[in-house]
Amino acid sequence: MSTNSRDNEARKVVEERGLYFDEIEIETVYAHKPGRTVTETDNVLFTTMTMNTQALHLDAAWSECQPFGQRLMNSMFTLATMVGQSVAQLTQGTIVAQLGLTDVMFPHPLYQGDTLYTETVVTAKRLSSSRPGQGIVTMTHTGRNQNGTVVASASRTCLMWTREAHVEGAQK
């Protein structure tokens with residue numbers, strides 16, 4: 001049996017993570033890929049798990065008679081997916097806490113079978129005055145369907161680690 005010398009060496013480990021407060025740039029557009037094609041199962045499961053009995057999400061026959069002519073994706077599912085699409089690129093392992101969501105809008109419906117693409121623009125950031133080693137980041141998430149039509153947007157504020165404080169904390 002041959003022995004590969006690389007087997008005995010320490011290999012470089014690359015860990016997937018979001019960006020630290022110090023790495024986030026204001027006015028940069030962060031495009032989150034891949035998109036997420038949403039399904040009937042997503043809609044029914046999310047709607048029933050959250051105890052939302054809205055017929056616009058569950059009743060195909062009734063929804064056909066409504067202004068949009070079909071079931072709509074649950075807007076809270078759309079919001080959660082839009083924020084979720086940003087996690088790997090921006091906040092995975094680098095967030096302390098989500099502080100709030102404001103200015104949530106759904107200007108156009110998302111339908112079953114549509115693909116949701118999200119991008120995020122960081123609009124503000126500042127170091128926390130009460131939590132050393134952490135900073136507050138405000139970002140705007142915009143979700144578009146496969147045709148580029150905006151289906152949702154929201155402003156989100158997060159408490160984020162600085163790299164130095166997070167690394168120091170992990171070493172203790």
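These numbers were taken from a predicted model, which means no experiment stands behind them.
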Chemist: Nearest 0.5 angstrom please: Ile24 CD1 to Met160 CE, how far?
Modeler: 4.0 Å
Chemist: Taking the side chain as every heavy atom from C-beta outward, state whether Leu58 and Val44 have any pair of such atoms under 4.5 Å apart.
Modeler: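 Contact flag for Leu58/Val44 side chains = yes.
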Chemist: For Ser155 and Thr138, run side chain to side chain contact (heavy atoms under 4.5 Å, CB included): C-alpha distance rounded to whole Å, both residues' side-chain angles, the deciding distance at 0.1 Å, then the answer.
Modeler: CA-CA 7 Å; Ser155 180; Thr138 303; 3.6 Å; yes
Chemist: With side-chain hydrogen bond (donor to acceptor under 3.5 Å, both in side chains) as the test, would you mind laying out the steps for Thr120 and His141 before giving the verdict?
Modeler: CA-CA 4 Å; Thr120 302; His141 300 294; 2.7 Å; yes
Chemist: Give the minimum heavy-atom separation between Val151 and Pro109, together with the two atoms involved.
Modeler: CG1-O, 3.7 Å
Chemist: Donor-acceptor pair, distance only, cut-off 3.5 Å: does the side chain of Gln54 make one with the backbone of Leu56?
Modeler: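 The answer is yes, because a donor-acceptor pair under 3.5 Å joins these two groups.
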Chemist: Decide side chain to side chain contact (heavy atoms under 4.5 Å, CB included) for Glu27 and Val122; before the verdict, give the C-alpha distance in whole Å, the side-chain angles of both, and the deciding distance to 0.1 Å.
Modeler: CA-CA 5 Å; Glu27 297 304 323; Val122 174; over 6 Å; no
Chemist: I would like to know whether Val150 and Thr142 meet side chain to side chain contact (heavy atoms under 4.5 Å, CB included); could you show each step before the answer?
Modeler: CA-CA 7 Å; Val150 175; Thr142 303; 4.0 Å; yes
Chemist: What about Ile136 and Tyr20, same hydrophobic cluster or not, with Ile/Leu/Val/Met/Phe/Trp/Tyr joined at side-chain heavy-atom distances under 4.5 Å?
Modeler: yes
Chemist: Where do Tyr111 and Arg71 come nearest, in terms of heavy atoms and distance?
Modeler: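 Heavy atoms only, the tightest pair is CD2-O, 3.7 Å.
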Chemist: For Leu79 and Leu101, run side chain to side chain contact (heavy atoms under 4.5 Å, CB included): C-alpha distance rounded to whole Å, both residues' side-chain angles, the deciding distance at 0.1 Å, then the answer.
Modeler: CA-CA 10 Å; Leu79 177 63; Leu101 290 162; 4.2 Å; yes
Chemist: With no hydrogens and no angle check, do the side chains of Thr118 and Gln85 hold a donor and an acceptor under 3.5 Å apart?
Modeler: yes
Chemist: From His57 NE2 over to Gln112 CD, what is the distance, rounded to the nearest 0.5 angstrom?
Modeler: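 Answer rounded to 0.5 Å: 10.5 Å.
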Chemist: Answer yes if Phe68 and Trp62 sit in the same cluster of Ile, Leu, Val, Met, Phe, Trp and Tyr residues linked by side chain heavy atoms under 4.5 Å apart, and no otherwise.
Modeler: yes
Chemist: Can you find a heavy atom in the side chain of Arg36 that is under 4.5 Å from one in the side chain of Tyr117?
Modeler: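 No - every pair of side-chain heavy atoms lies 4.5 Å or more apart.
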Chemist: Following the transitive rule for hydrophobic clusters with a side-chain heavy-atom cut-off under 4.5 Å over Ile, Leu, Val, Met, Phe, Trp and Tyr, establish whether Leu116 and Val104 coincide in one cluster.
Modeler: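 Per the 4.5 Å side-chain linkage, Leu116 and Val104 are co-clustered.
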Chemist: I'd like to know if Phe21 and Trp161 are part of one continuous hydrophobic network [Ile/Leu/Val/Met/Phe/Trp/Tyr, side-chain heavy atoms within less than 4.5 Å].
Modeler: no
Chemist: Mind checking the OG1-CD spacing from Thr149 to Gln146? Nearest 0.5 Å is all I need.
Modeler: 8.0 Å
Chemist: Is there side-chain contact between Leu72 and Asn43, with at least one heavy-atom pair below 4.5 Å?
Modeler: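 With C-beta onward as the side chain, the pair stays apart.
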Chemist: Quick check on the hydrophobic clustering: are Val83 and Ile95 connected, directly or via other members, by side-chain heavy-atom contacts under 4.5 Å?
Modeler: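 Different clusters.
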Chemist: Using the side-chain contact (heavy atoms from CB on, under 4.5 Å) definition, which of the options Val96, Thr162, Leu127 pairs with Gln134?
Modeler: Val96
Chemist: Any side-chain donor paired with an acceptor under 3.5 Å for His166 and Thr94?
Modeler: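 Not at all, the side chains of His166 and Thr94 share no donor-acceptor pair under 3.5 Å.
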Chemist: Angle class for the Phe77/Phe46 ring planes (parallel below 30°, perpendicular above 60°, tilted otherwise)?
Modeler: perpendicular
Chemist: Using 0.5 Å steps for rounding, measure from the OH atom of Tyr30 to the CD atom of Gln89.
Modeler: 8.0 Å
Chemist: Can you see which heavy atom on Ala55 is nearest to which on Ser63, and at what distance?
Modeler: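 Heavy atoms of Ala55 and Ser63 come nearest at O-OG, 3.2 Å.
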Chemist: Take atom CD in Glu164; do more than 12 heavy atoms of anything else shown fall under 6.0 Å from it?
Modeler: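 Open: at most 12 neighbouring heavy atoms sit under 6.0 Å from CD of Glu164.
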Chemist: Mind checking the CG-SG spacing from Asp59 to Cys65? Nearest 0.5 Å is all I need.
Modeler: 9.0 Å
Chemist: Please report the closest heavy-atom contact between Glu23 and Gly18, naming both atoms and the distance.
Modeler: OE1-O, 4.3 Å
Chemist: Going by the side chain to side chain donor-acceptor pair (under 3.5 Å) test, name the single residue among Asn74, Asn52, Asp42, Thr53 that passes it with Thr47.
Modeler: Asn74
Chemist: Determine the minimum heavy-atom distance between Ser86 and Arg156, stating which atoms define it.
Modeler: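 Scanning both residues, the minimum pair turns out to be OG-NH1, 3.5 Å.
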Chemist: Does any non-hydrogen side-chain atom of Val121 lie less than 4.5 Å from one of Met139?
Modeler: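 Met139 does not reach Val121 side chain to side chain.
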Chemist: I want to check something: taking the side chain as every heavy atom from C-beta on, are His32 and Leu90 in contact at a cut-off of under 4.5 Å?
Modeler: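 The answer is yes; the side chains approach within 4.5 Å.
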Chemist: Just wondering, are more than 12 heavy atoms of other shown residues or ligands nearer than 6.0 Å to CD in Glu16?
Modeler: no
Chemist: When rounded to the nearest 0.5 angstrom, what distance separates NZ in Lys125 from CG in Asp22?
Modeler: 6.5 Å
Chemist: Which pair of non-hydrogen atoms, one from Thr78 and one from Ala152, has the smallest distance, and what is that distance?
Modeler: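 Nearest heavy atoms, Thr78 then Ala152: CG2-CB, 3.9 Å.
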Chemist: For atom CZ of Arg17, decide whether the heavy atoms of other residues, nucleotides or ligands shown that lie under 6.0 angstrom number more than 12.
Modeler: yes
